[in-house]
Amino acid sequence: RLHQVTFEVPTCEGKERQKLALIGDSSSSAEFFVTVAVFAFLYSLAATVVYIFFQNKYRENNRGPLIDFIITVAFSFLWLVGSSAWAKGLSDVKVATDPKEVLLLMSACKQPSNKCMAVHSPVMSSLNTSVVFGFLNFILWAGNIWFVFKETGWHSSGQRYLSDPMEKHSSSYNQGGYNQDSYGSSGGYSQQASLGPSSDEYGQPSTGPTSFTNQI
């Protein structure tokens, strides 16, 4: 709430000083960003306790993974929105606290005979770090969506749906190959058996070559 921040500046008219206030209000984006961070921290602690001590209840009826998946998606979206809003708010804060913009608010600096200059620039490193960590949290929570999704029943049912047609196709293929092999082997055997004349037709015993030599 920069509009509530007041400071005194010299007027170059004796010892009188002028009270000024900055311009801008980025409190809504900052509060939203901090609120998301606090609730994400509390949920992470609660989820850690459930993972360690209540694993059986977590997996019961697949309700725990589904709730965890929905909350993870929601926090990923909130981190993206909160970080983007706070990045815009921080840019407004930088503009409002720029020494050149602050000097324009002072009536003494508007006189051509006076030369005003800033002693030092504002430090924004901690605020820039908060924006960077906000987007890193979005990447972290968005990446966790896949791992939480694998714990739900949707992932296992999808794998079962894909594996069943494959098993049916492979089993039918094996059955067809077996029938063809058996048919081919039996057919070849019958053809070979019917090529030569049988021993019963000529009235000879099975030892054909031996009886033939005896007759000669």
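Counting from 1, the numbers follow the sequence of the chain as shown. Quick caveat, the model's predicted, so the values are computed rather than measured.
Counting non-hydrogen atoms of other residues, nucleotides and ligands closer than 6.0 Å to CZ of Arg63 gives a total of 12 or fewer. Residue Phe39 places its CZ atom among 12 or fewer non-hydrogen atoms of other residues, nucleotides or ligands, all under 6.0 Å distant.
At a threshold of 4.5 Å between side-chain heavy atoms, the hydrophobic network of Ile, Leu, Val, Met, Phe, Trp and Tyr places Tyr43 and Ile67 in one connected group. Follow the hydrophobic side-chain contacts under 4.5 Å out from Val131 and you reach Val81 in the same cluster. Under the 4.5 Å side-chain heavy-atom criterion for ILVMFWY residues, a single connected hydrophobic cluster contains both Val38 and Leu45. Phe77 and Ile139 fall within a single hydrophobic cluster, where Ile, Leu, Val, Met, Phe, Trp and Tyr side chains are chained together by heavy-atom contacts under 4.5 Å. Leu66 and Phe75 are not part of a single hydrophobic cluster, where members link through side-chain heavy atoms under 4.5 Å apart.
A donor-acceptor contact shorter than 3.5 Å is absent between the side chain of Asp98 and the backbone of Lys94. Panel note: side chain Asn114, backbone Ala108; a donor-acceptor pair is recorded below 3.5 Å. When atom types are taken as modelled, the side chain of Thr152 and the backbone of Phe149 share a donor-acceptor pair closer than 3.5 angstrom. Side-chain atoms of Asn137 come within 3.5 Å of backbone atoms of Phe133 as a donor-acceptor pair (strictly under, hydrogens ignored). Without hydrogens or angle criteria, Ser76 side chain to Trp141 main chain gives a donor-acceptor distance under 3.5 Å.
Taking each heavy atom of Trp79 and Ala40 in turn, the nearest pair found is NE1-CB, 3.7 Å. In terms of heavy atoms, Lys110 sits closest to Leu104 at CE-O, 3.0 Å. Minimum interatomic distance between Glu8 and Arg17 (heavy atoms only, all atoms of both residues): O-NH2, 3.4 Å. Contact between Ser29 and Gly89 at its shortest, heavy atoms only, is OG-CA, 3.9 Å. Thr48 approaches Ser44 most closely through the heavy-atom pair OG1-O, 2.7 Å.
Taking 4.5 Å as the limit, some side-chain heavy atom of Asp68 sits within range of a side-chain heavy atom of Tyr58. Contact check for Val36 versus Phe32: side-chain heavy atoms found under the 4.5 Å cut-off. At least one side-chain heavy atom of Phe7 sits under 4.5 Å from a side-chain heavy atom of Val102. Residues Thr72 and Phe147 are not in side-chain contact: their nearest non-hydrogen atoms beyond the backbone lie 4.5 Å or more apart. Looking only at side-chain heavy atoms (C-beta outward), Ile23 and His3 stay at 4.5 Å or farther from each other. Asn128 is listed as a side-chain neighbour of Leu90, based on a closest heavy-atom distance under 4.5 Å.
With sequence neighbours left out, the salt bridge (Lys or Arg N to Asp or Glu O under 4.0 Å) criterion links Arg1 to Glu31.
The pair Lys88-Asp92 meets the salt-bridge criterion, since a charged nitrogen lies less than 4.0 angstrom from a carboxylate oxygen.
In this structure, CG in Leu105 is found 7.0 Å from CG in Leu22, a value given to the nearest 0.5 Å. Distance check, rounded to the nearest 0.5 Å: CG of Leu2 to CG of Asp25 gives 7.5 Å. The structure places SG of Cys109 at 11.5 Å from CE of Met117, a figure rounded to the nearest 0.5 Å. Distance check: Cys116 SG to Met106 CE gives 5.0 Å after rounding to the nearest 0.5 Å. Of the inter-residue distances, the one linking Phe138 atom CZ with Ser83 atom OG reads 8.5 Å to the nearest 0.5 angstrom. Summarising the geometry, atom CG belonging to Leu127 is positioned 11.5 Å from atom OG belonging to Ser91; distances are rounded to the nearest 0.5 Å.
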What do the steps show when you test Met124 against Val93 for side chain to side chain contact (heavy atoms under 4.5 Å, CB included), and what is the final call?
CA-CA 10 Å; Met124 297 289 180; Val93 171; 4.2 Å; yes
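There is a side-chain donor-acceptor pair under 3.5 Å between Ser130 and Trp86.
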